[in-house]
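Working notes for the structure below.
Here the structure is a predicted model, which is why all the values come from computation and not from measurement.
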Amino acid sequence: MAEKEKEKPNVVHQDSIHVETIRKELRCQKLQTEFIFNPYKTVHVLPDKPLARKPPEVIVDTTEYIDAIRRARMEPTKKYPMPQTESQEIGWWAAPLIPPNRDDRRLHFHRASSDVTRHKESALMFSKKTEKEKMSPEK
């Protein structure tokens with residue numbers, strides 16, 4: 001069996017291959033002229049150095065940019081009308097089952113003091129006072 005020798009492509013063939021490659025690249029290439037920031041990434045603003053003497057830049061705040069930042073920092077229940085993931089379904093509708101009533105002693109445990117708690121509070125205050133006196137250097 002005679003093996004066929006592979007011929008080297010000549011300049012015309014190489015040029016046609018190059019032109020075809022460029023056409024394919026240009027067909028898939030898209031020029032991006034509008035840039036936006038990722039609303040899901042937190043933006044950290046760093047101040048200038050304290051001794052820097054360059055004048056501050058005047059930045060025109062667009063309302064779209066401010067609204068996008070405000071929307072990115074909102075909680076999901078205010079952003080979306082329905083939960084977006086399965087884990088958001090837990091606690092999405094977190095309204096109390098019964099209306100809060102501060103007069104109901106079963107549900108509202110306000111701070112109360114008695115003779116025992118007042119005595120303990122005064123003992124703690126006195127012990128803190130004596131500890132400070134021990135720690136302070138004498139004159």
Side-chain angles (χ1 to χ4, degrees):
M1 292 176 73
E3 293 184 21
K4 294 184 180 179
E5 292 183 22
K6 190 172 183 181
E7 294 180 19
K8 283 188 168 182
N10 60 12
V11 178
V12 175
H13 288 128
Q14 287 178 347
D15 190 41
S16 65
I17 291 171
H18 185 65
V19 168
E20 183 180 351
T21 306
I22 290 175
R23 280 190 188 144
K24 285 181 182 179
E25 287 178 358
L26 290 176
R27 189 173 42 201
C28 297
Q29 187 179 21
K30 181 181 175 188
L31 181 65
Q32 295 289 334
T33 58
E34 183 179 330
F35 300 100
I36 59 172
F37 75 101
N38 186 357
Y40 301 109
K41 184 177 180 183
T42 57
V43 178
H44 300 286
V45 179
L46 299 175
D48 288 336
K49 294 181 180 180
L51 298 176
R53 295 193 179 210
K54 65 178 186 178
E57 297 177 9
V58 177
I59 300 173
V60 179
D61 292 333
T62 59
T63 57
E64 296 171 357
Y65 182 75
I66 294 172
D67 290 340
I69 290 176
R70 192 172 291 132
R71 183 167 175 81
R73 291 184 178 219
M74 284 173 31
E75 51 199 47
T77 54
K78 293 180 181 174
K79 276 193 223 180
Y80 310 111
M82 297 295 290
Q84 301 294 306
T85 62
E86 290 290 325
S87 57
Q88 283 182 349
E89 288 182 6
I90 300 169
W92 190 264
W93 295 280
L97 298 175
I98 57 173
N101 185 2
R102 289 193 159 289
D103 296 332
D104 192 359
R105 298 196 69 172
R106 297 174 297 167
L107 303 174
H108 180 67
F109 304 102
H110 60 278
R111 183 175 175 184
S113 64
S114 65
D115 294 338
V116 176
T117 56
R118 282 187 289 245
H119 173 70
K120 187 63 179 177
E121 283 178 2
S122 64
L124 284 173
M125 294 290 282
F126 182 72
S127 67
K128 286 182 184 177
K129 191 176 187 181
T130 55
E131 284 179 12
K132 284 184 181 178
E133 290 175 359
K134 288 179 185 177
M135 296 295 265
S136 65
E138 295 185 28
K139 293 182 181 179

Quiz item: Linking I/L/V/M/F/W/Y whenever any side-chain heavy atoms sit under 4.5 Å apart, do Ile90 and Trp92 land together?
Solution: no
Self-check item: Side chain Gln29, main chain Arg27, donor-acceptor under 3.5 Å
Solution: no
Roughly how far, to the nearest 0.5 Å, is the [atom2] atom of [Y] from the [atom1] atom of [X]?
X      : Y      : atom1 : atom2 : result
Lys128 : Leu124 : NZ    : CG    : 6.5 Å
Glu89  : Gln84  : CD    : CD    : 10.5 Å
Arg118 : Glu121 : CZ    : CD    : 9.0 Å

Heavy-atom pair of closest approach, residues [X] and [Y]:
X      : Y      : answer
Thr21  : Ile17  : OG1-O, 2.8 Å
Met74  : Lys79  : O-CE, 3.2 Å
Thr117 : Ser113 : OG1-CA, 3.3 Å

Quiz item: Yes or no on side chain to side chain contact (heavy atoms under 4.5 Å, CB included) for Lys120 and Val116, after CA distance, side-chain angles and deciding distance?
Solution: CA-CA 6 Å; Lys120 187 63 179 177; Val116 176; 5.6 Å; no
Quiz prompt | Sub-4.5 Å side-chain heavy-atom contact between Val19 and Ser16 | solution = no
Quiz item: Can you tell if the side chain of Arg70 reaches within under 4.5 Å of the side chain of Ile66, non-hydrogen atoms only?
Solution: yes
Self-check item: Met125, CE: over 12 other non-hydrogen atoms inside 6.0 angstrom
Solution: no
Quiz item: Quick one: do the His18 and Asp15 side chains pair a donor with an acceptor below 3.5 Å?
Solution: no
